[in-house]
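Notes follow once the structure below has been shown.
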Amino acid sequence: MQKKILEAFNETHEKNFKSFEEIKNEYLVTEILDTWLRYEGIVGYTRNIIDLLGECEVYIEE
């Protein structure tokens, strides 16, 4: 999964990240989720997904 996220970030943000750790150091979890969803063609649902995870008591750093 980390490799796919790395590919998504480099393509979407026109960056040259070498590792998922670099992305985590620069972006919030919500930004990582939003980038991944957009890359997969799912636009406009990030907040709803985060809210759902909160209701299920799965907490995400913002």
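Below, all heavy atoms of this structure are taken into account, side chains as well, without hydrogens, waters or symmetry copies.
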Open item on the list: Between K24 and E21, does any NZ, NE, NH1 or NH2 come within less than 4.0 Å of an OD or OE carboxylate oxygen?
Closed with: yes
Task: pair E7-Y39: side-chain heavy atoms closer than 4.5 Å - done: yes
Task: Side chains of L37 and I49 in contact at under 4.5 Å (non-hydrogen atoms) - done: yes
TODO: Flag yes if more than 12 heavy atoms outside E40 fall under 6.0 Å of its CD atom; otherwise flag no.
DONE: yes
Open item on the list: What's the separation between atom CG in L28 and atom CG in L33, rounded to the nearest 0.5 Å?
Closed with: 11.5 Å
Open item on the list: For S19, is there any backbone N or O sitting under 3.5 Å from a side-chain donor or acceptor partner on E22?
Closed with: yes
Open item on the list: Hydrophobic clustering (ILVMFWY, side-chain heavy atoms < 4.5 Å, transitive) - are L52 and V29 grouped together?
Closed with: no
Task: W36 side chain reached by M1 side chain, heavy atoms, under 4.5 Å - done: yes
Open item on the list: Taking Y45 as the starting point, is it possible to reach L53 by hopping between hydrophobic residues whose side chains are less than 4.5 Å apart?
Closed with: yes
- [ ] Measure the CZ-OG1 distance between R38 and T46 for me, rounded to the nearest 0.5 Å.
- [x] 6.5 Å
TODO: Identify the two heavy atoms, one from F9 and one from I32, that lie closest to each other, and give their separation to 0.1 Å.
DONE: CZ-CA, 3.6 Å
Open item on the list: I need the L6 CG to F17 CZ distance, nearest 0.5 Å.
Closed with: 8.5 Å
Task: pair T35-H13: side-chain heavy atoms closer than 4.5 Å - done: yes
Task: Contact summary for F20 and I5, nearest pair of heavy atoms - done: CE1-CG2, 3.8 Å
Task: Main-chain N/O of T30 paired to D34 side chain as donor or acceptor, under 3.5 Å - done: no
